[in-house]
Amino acid sequence: MREDGGLVELHAHLYGCIRHDALLQHILVSDRIDWSAYQGSYEAAFGVRPDPEAIVERVRRKEAGAENEFKELFVFGDGDGGRFERFQAKFDLLIAASELSRPRSDPGFEGRLENELDRFMLRILRDYAEIGVRHAELRMMPPPTEPRELAKGLLTRMLERAARGAELGVDARVAISLSREDPWYLWDLMRDLSLGPHGELLTGVDFCAVEEGHPPKRKSAFFDAVREHNRAAPQRALAILYHVGESFEDKSLESALRWVQEAAEMGAHRLGHAIALGVDPESFGVHTRLERAGERADQLRYDLKHAPGLERFGVRVDRERAARELSKVETFATDSMLELSYDRERLEELRKRQDYAMSAILKTGAIIEVCPTSNRRLAGLTDDAHHPVHRFVEAGLPIAVASDDPGIFDTTLPDELEWVRRTLRWSKGEIEALARRSWGYRSEVLVGMESG
Ligand SMILES: [Zn+2]
């Protein structure tokens, strides 16, 4: 184990780590790229049709400012923020340039894709080494609709590259991001890989991308299967990494918060973002929102079950009223929409609910991954005073600061730590101590393979 003052990156997606200059290098040596799908999504999100080929041509001719123009086009900055479709549109530039966009029928498709991934990963590990990151867990979602062989090839290549990370001074680890729709699809492959060559470097399963419509409770059998694997192969155990409470347009704030608590209580080792858990309720203001009847019923069941705990934190639960509402809501079609109003009082109550949920999560030992730039630009948390990190720290929750997609955000882990230091008005020593604690939150420590 290396604890020589180096940093630990615990939340980063492989393709999100590709920096604009690495992408540009890749494009400069690529055959003709079909930009049309990217141009379409960019135009839909930003209202103008970009011409990446013209910029790349100017870079080829070494025109002043052309590289910067490319960077502007690709990086998802503060000015673009708050809307996922804009992030996706910028990310689509990378997708268009990737071998992923080539016809699968092209001879040598799989090999070229594996080589591309390997080249990008090498560059990413070098970038990490340069900024003092000594341990990095990288997540990757294999194309979900492909034959398993393609996923197997890509993940094997990732593990091989991870095994050579030490040559660069970075202990690299791999986590597989699974489809929330069907996590079982790659499960057998994951188990085989974890037991195979370099399997010790495969340290986690991750759930990311759209969370709406995928309540944690539906993953309960899958979490059981992971635990069963971990019992059977304790030296190849996998941590459960779970993005939750990051995006919750489709439900009540109480439900969004409940999902975070549920994921932790089900055994997720680390929670990605968990904004709903600690964001300042003030930031929502007085508003109304919609929620499905099925979700409302789950919330009422939660209220009834957790009433004593909630009441300890000052939330008044009228059990009879909740039970009456539950019987009524249970008669509705689960997909029918209910309107919920948020006035000042309800927002203040939410704060108490958050305090209760945080106290419950503290008992589970789950770690919260805090990715400030991502939260600012993807979740639209533009006022630093509203950021959940304040409440997480007050509640004594263990947090790991991470950079999520440092390439497309053009940020670094030290930048993210510096934001937290500034926002919390901490000293250099305090933030260094926080960064050091992340060593104890690595997947292999959380599943008991290694001591923290
Ligand atoms: Zn993420």
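Remember, it's 1-based here, ligands and their atoms both numbered in the order they're listed. Keep in mind that the numbers below use all heavy atoms, side chains included, and drop hydrogens, waters and symmetry copies.
Looking at Asp404 and the Zn ion (ligand 1) together, the shortest N, O or S contact belongs to OD1.
Rounding to the nearest 0.5 Å gives a distance of 7.5 Å between CE of Met266 and CZ of Arg227.
Residues Arg173 and His135 form a side-chain contact, since some pair of their non-hydrogen atoms from C-beta on lies under 4.5 Å apart.
Put simply, the side chain of Ser427 gets close to the backbone of Glu430: a donor and an acceptor are under 3.5 Å apart.
Using a cut-off of 2.8 Å, one finds that Cys371 contributes no N/O/S atom close to the Zn ion (ligand 1). The Zn ion (ligand 1) has no N, O or S atom of His273 inside 2.8 Å of it. Between the Zn ion (ligand 1) and His11 there is an N/O/S contact shorter than 2.8 Å.
Leu150 approaches Pro143 most closely through the heavy-atom pair CD2-CG, 4.2 Å.
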